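Numbered from 1 within each chain, the chains take letters A, B, ... in sequence-line order. Quick caveat: nothing in here was measured; it's all calculated off a predicted structure. As a basis for the values below, the full set of heavy atoms in this structure was taken, side chains included, without hydrogen atoms, waters or symmetry mates.
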Number of protein chains: 2
Amino acid sequence: MTSKPNVRQPSHVACRDCSLSSLCLPLALSIKDIDQLDHIIKRGRPLKKGEHLFLEGDPFTSVFAVRSGAIKTYTATNEGEEQITGFYLPSEILGLSGMDTDTYPVSAQAMETTMICEIPFEQLETLSDQFPELRRHLMRLMSKRIREDQQMMMLLSKKNADERIATFLINLASRFRRRGFSSQSFRLSMSRNEMGNYLGLAVETVSRVFTRFQKNGLISAVGKEIEIRNSVELCALAGGKTLEPNPIATSA
Amino acid sequence: MTSKPNVRQPSHVACRDCSLSSLCLPLALSIKDIDQLDHIIKRGRPLKKGEHLFLEGDPFTSVFAVRSGAIKTYTATNEGEEQITGFYLPSEILGLSGMDTDTYPVSAQAMETTMICEIPFEQLETLSDQFPELRRHLMRLMSKRIREDQQMMMLLSKKNADERIATFLINLASRFRRRGFSSQSFRLSMSRNEMGNYLGLAVETVSRVFTRFQKNGLISAVGKEIEIRNSVELCALAGGKTLEPNPIATSA
DNA sequence: CGCTGGCTTGATCCTTCTCAAGGGCAGTGG
DNA sequence: CCACTGCCCTTGAGAAGGATCAAGCCAGCG
């Protein structure tokens, strides 16, 4: 059993020593296999807030694991606005959607100082030729992603503003918890604007819902610091599940 | 070069003789490999309209290729309503989203008389252990699906009713074309209701948009028969691309 | 100290939903 | 063959949830 993950990690821990390892890629690999994976992973490259990991249209070369910090992916709408497609927290994998094209279909940008593990895809493929378990794990990752995206579509096509934001908060909470952090209080890495963009809502709506949630004692929010004060109610709004409903995250 | 696909096929054509083979799974396999895949595929089972291929919660055993007809997948919202998550036309693969769970996360129902190829997943996995190409193809399928879902999320969070329906029609058109059918005129396999459900719109809105599109000479619609009369304009509404924007379908 | 960017709040507008009703087509049974 | 009965589609009128527009506020920062 490893200890709780830390936000900040030394730059070059090996996979086998990384406290996120049980959450990240190598989940399914034996220790020996992990060492192999370890060799192909490029570390370092701490990104400052606003820096890009890759741009839409860049040649697809690698998938990435967030080690600390937070990344958003986005694409341009036809009118040239930004459409955020996902937020990635430590131990989460991004870049998979480029796999069947030769370029990334989205851009990835750091929302705060962020450490990344880069996994060159070609070598990952070679390695996964050797280890069926790694392969299956990759498949599962993608399949999970598909299910989560479908949850997101449901949110976008059927839920109102309150429900969307409740769902989003509960989802974040469960992802934090999974990483060993408090699911009761945490810090949002994205602005209200980005949240609204992602959820298909105007900033003003996000703000109003936050205000209302606070009036009703569901949460308290000071800037980006969030505390969930009534998770039962919030989960109900989010639509059922006692915790952990939506995209990207968790699930056993 | 095979001839154009037919809607109705004899019940037990081998994969190598199936006119959809270039569109369906075995794309990447050599002839010899196709024969192996051929052995594990279960055919037959023509579904009548309304019959289910599998239900949400059923144990996950297989992925399926539509041979003729049309399938919709759906799940239940928290309020118990139906939420349609996808429409599948001949040569398209469904069931992949169950891959990392032991049960299907959605139900799949025939919208008209439908022929299906069933591919038991366990055997597919074994086979894909042998053939890296098959494996990569599966990966690509899932990765494509992820990108298409993201297009769909964009549609749901940013597009208005007109744009959604234009996008949907253009998408269908390009899928039909890819199968060798006319992309100018085709028959919808879904009702206005189902379309609205999928696109996050009320039936009435769908109906009104159809009426307006006809007044403006964009399309003509008689019942489920659709003719695209001004594809340039329609594509523009759908947001750019000369053809083939959205979910599930095509792309090179 | 003044600026800038992000957040909040208020007022108004607009798109789409909802409710209600009517028409058409298809399948069923007399 | 025709009437009946659903279901689907269309159209209209009204309601509502968010978007948009417009200020003002607050905190961090040069």
In whole Å, I'd like the distance from the [atom1] atom of [X] to the [atom2] atom of [N].
| X | N | atom1 | atom2 | answer |
| --- | --- | --- | --- | --- |
| B:Lys224 | D:dC7 | NZ | C1' | 10 Å |
| B:Lys159 | C:dT15 | NZ | P | 18 Å |
| A:Leu156 | D:dG18 | CG | C1' | 14 Å |
| B:Arg164 | C:dC17 | CZ | P | 8 Å |
| B:Phe210 | C:dG24 | CZ | P | 20 Å |
| B:Arg187 | D:dC8 | CZ | P | 13 Å |
| B:Leu201 | C:dC17 | CG | C1' | 10 Å |
| B:Glu225 | D:dC8 | CD | C1' | 16 Å |

For the residue pair B:Phe54 and B:Tyr104, categorise the inter-ring angle as parallel (less than 30°), tilted (30 to 60°) or perpendicular (more than 60°).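 Rings of B:Phe54 and B:Tyr104: parallel, under 30°.
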Axis-to-axis angle between the two ends of the helix from C:dC1-D:dG30 to C:dG30-D:dC1 (five base pairs per end, rounded to 10 degrees): 30°
Strand contacts (DNA chain D) in residues 212-220 of chain A, 4.0 angstrom heavy-atom criterion: none
Quick one: label B:Ser191 by what it contacts on the DNA or RNA (base, sugar-phosphate, nothing), any heavy atom closer than 4.0 Å. sugar-phosphate
Looking at every strand, decide which applies to A:Gly196 at a 4.0 Å heavy-atom threshold: base, sugar-phosphate, or nothing.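 Touches nothing.
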Which residues satisfy the side-chain hydrogen bond (donor to acceptor under 3.5 Å, both in side chains) test with B:Glu233, sequence neighbours excluded? none
For A:Thr101, which residues count as a side-chain hydrogen bond (donor to acceptor under 3.5 Å, both in side chains) partner, sequence neighbours excluded? none
For the side chain of A:Asn160, starting at C-beta, report the closest nucleotide among C:dT9, D:dA19, D:dG18.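 The answer is D:dG18.
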Looking at the side chain of B:Thr205, which of D:dT10, D:dT20, C:dC17 is the nearest nucleotide?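 Minimum distance to the B:Thr205 side chain belongs to C:dC17.
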Please give me the minimum heavy-atom distance between B:Lys159 and B:Arg164, naming the atom from each residue.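 Reported closest heavy-atom pair: O-NE, 2.9 Å.
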Which heavy atom of A:Ala110 sits nearest to which heavy atom of A:Leu47, and what is that distance?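 Result for this residue pair: CB-CB, 3.9 Å.
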How far does OH of A:Tyr198 sit from OG1 of A:Thr85, to the nearest 0.5 angstrom? 8.0 Å
Filtered N/O pairs between nucleotides 21-29 of chain D and protein, under 3.5 Å:
residue : atom : partner  : partner atom : Å
D:dC21  : N4   : A:Glu204 : OE2          : 3.0

With nearest nucleotide decided by heavy atoms, which residue, A:Thr211 or B:Asp162, maps closer to the 5′ end of DNA chain C? A:Thr211
N/O donor-acceptor pairs under 3.5 Å from side chains in residues 202-209 of chain B, not counting sequence neighbours:
none

